[in-house]
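Structure first, then comments.
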There are 2 protein chains.
Amino acid sequence: MDMNQALDALAALGQKTRLEVFRLLVKAGTDGMHAGEIAEALNVRQNTMSANLAVLARAGLIRNEREGRNLRYFADMDGIRGLLAFLMEDCCGGNPTLCQPVLDALACEC
Amino acid sequence: MDMNQALDALAALGQKTRLEVFRLLVKAGTDGMHAGEIAEALNVRQNTMSANLAVLARAGLIRNEREGRNLRYFADMDGIRGLLAFLMEDCCGGNPTLCQPVLDALACEC
DNA sequence: TCGATATTTCATGATTTATGGATATGAATC
DNA sequence: GATTCATATCCATAAATCATGAAATATCGA
């Protein structure tokens, strides 16, 4: 994760619809959700949602798999973990005893 | 941490100068840095930096203490911890064995 | 009180971003 | 191959955001 990736990710999450999408997908876990379901759940028009999903995907926060006519979207745990690690990098001057446990613990394998 | 606070925090971090400031202050830890030092370190004009510091402070990500003519800024670990917890809330449908350790570990006391 | 220093506030113009309608693509079904 | 469904893309417009210069505020020392 470098600065630009982190910026993309944070900017992507700094918008209401996209933050809601991300949290919805985090909650959905490995089941994921179809694009249409997401749009309906959040009451957002299809084209707007598509654009927002694209922003999140480009930022590495979600990914999708095609299922016939549908696209199923998932939260990308690797992406969010990398972002969190970047945010806390060199925490407290890099003192490892204080902060390394935080980063290690982000190895959540949802 | 509610949705609006989280949006403020993410939008605040989704801008290059502000993300750099935040990481600088995370690195500085309990020592913090003067506003002027921060502006100089990142080569940003003082009024621009002041505006950006205000955004971060309003978002609860940094805080300051006056020291004579200077303001010393610090990363607000409570703020960032709350944000990270909000992002991962109800991860995997709230399955606690998978994801609770991540949230607990964010109790880093820098 | 006066001047110097550190920082913030305000107003503005320029750039970026979000949204909605229309349209296009891609996959399944008939 | 025509139709239909799910989703993506294009384009124009409205809204939000950003950096900047000028002015204001707060603190310190003489």
Side-chain angles (χ1 to χ4, degrees), chain A residues 3-25 28 31-76, chain B residues 3-25 28 31-76:
Chain A
M3 175 70 62
N4 285 328
Q5 287 179 282
L7 281 171
D8 285 347
L10 290 163
L13 290 174
Q15 201 266 352
K16 188 164 190 217
T17 301
R18 291 194 297 258
L19 180 54
E20 288 174 340
V21 169
F22 179 76
R23 280 164 47 88
L24 201 56
L25 289 176
D31 293 342
M33 288 175 75
H34 288 167
E37 278 185 289
I38 299 172
E40 191 177 2
L42 299 179
N43 202 30
V44 171
R45 287 173 190 255
Q46 180 270 322
N47 56 352
T48 299
M49 181 55 76
S50 174
N52 281 320
L53 289 171
V55 171
L56 285 166
R58 229 180 305 121
L61 292 166
I62 66 176
R63 60 202 163 67
N64 63 62
E65 284 171 16
R66 183 166 280 282
E67 273 182 9
R69 285 190 276 217
N70 302 312
L71 284 178
R72 183 176 291 274
Y73 279 89
F74 305 88
D76 185 329
Chain B
M3 174 69 63
N4 285 328
Q5 287 178 283
L7 281 171
D8 285 346
L10 290 163
L13 291 173
Q15 201 268 349
K16 187 164 192 222
T17 301
R18 291 194 296 257
L19 181 53
E20 288 173 339
V21 169
F22 180 75
R23 281 165 46 87
L24 201 56
L25 289 177
D31 292 342
M33 288 175 76
H34 288 167
E37 275 185 289
I38 300 172
E40 191 177 3
L42 299 179
N43 202 32
V44 171
R45 288 172 192 253
Q46 209 167 39
N47 55 356
T48 299
M49 181 55 75
S50 175
N52 282 320
L53 289 171
V55 171
L56 285 167
R58 227 180 306 122
L61 292 166
I62 66 176
R63 58 202 165 69
N64 63 61
E65 284 172 15
R66 183 167 278 283
E67 274 183 7
R69 285 187 276 215
N70 301 311
L71 284 178
R72 184 177 291 274
Y73 279 89
F74 305 88
D76 186 329

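These values consider heavy atoms only, across backbone and side chains, with no hydrogens, waters or symmetry-generated copies. Note on naming: letters A, B, ... go to the chains in the order of the sequence lines (proteins, then strands), and numbering restarts at 1 for each one.
- A sub-4.0 Å separation between OP1 or OP2 of dT17(D) and a side-chain N or O of N52(B) is absent.
- Spacing between atom CD of E67(A) and atom C1' of dA28(C) amounts to 14 Å, rounded to whole angstrom units.
- Atom NZ of K16(B) and atom P of dA19(D) are 11 Å apart (whole Å).
- An OP1 or OP2 oxygen of dT17(D) is reached within less than 4.0 angstrom by no side-chain nitrogen or oxygen of Q15(A).
- One interatomic measurement links the two molecules: CG of L71(B) to C1' of dT27(D), which rounds to 11 Å at whole-angstrom precision.
- Taking only side-chain nitrogens and oxygens, R69(A) never comes nearer than 4.0 Å to OP1 or OP2 of dT25(C).
- As a whole-Å value, the separation of N64(B) CG from dT25(D) C1' is 15 Å.
- Rounding to the nearest 0.5 angstrom, the gap separating the CG atom in L61(A) from the CG atom in D76(A) is 7.5 Å.
- Residue L53(A) contributes atom CG, which lies 16 Å from atom P of dA6(D) at whole-angstrom precision.
- Rounded to whole Å, atom P of dT7(D) lies 16 Å from atom CG of L56(A).
- Listed by residue number, the members of residues 32-51 of chain A with any heavy atom below 4.0 angstrom from DNA chain D are H34(A), A35(A), G36(A), Q46(A), N47(A), S50(A).
- With rounding to the nearest 0.5 angstrom, the CG atom of L42(A) is 10.5 Å from the CG atom of L19(A).
- Atoms CZ (R72(B)) and P (dA6(C)) sit 14 Å apart, rounded to a whole Å.
- R18(A) places a side-chain N or O within donor-acceptor distance of the main-chain N or O of A12(A), the cut-off being under 3.5 Å.
- Paired with I38(B) under the rule side-chain contact (heavy atoms from CB on, under 4.5 Å), one option of T17(B), V44(B), V21(B) passes, and it is V21(B).
- Within the structure, a side-chain polar atom (N or O) of Y73(A) is placed less than 4.0 Å from OP1 or OP2 of dA8(D).
- In this structure, N70(B) atom CG and dG29(D) atom P are separated by 11 Å, rounded to whole Å.
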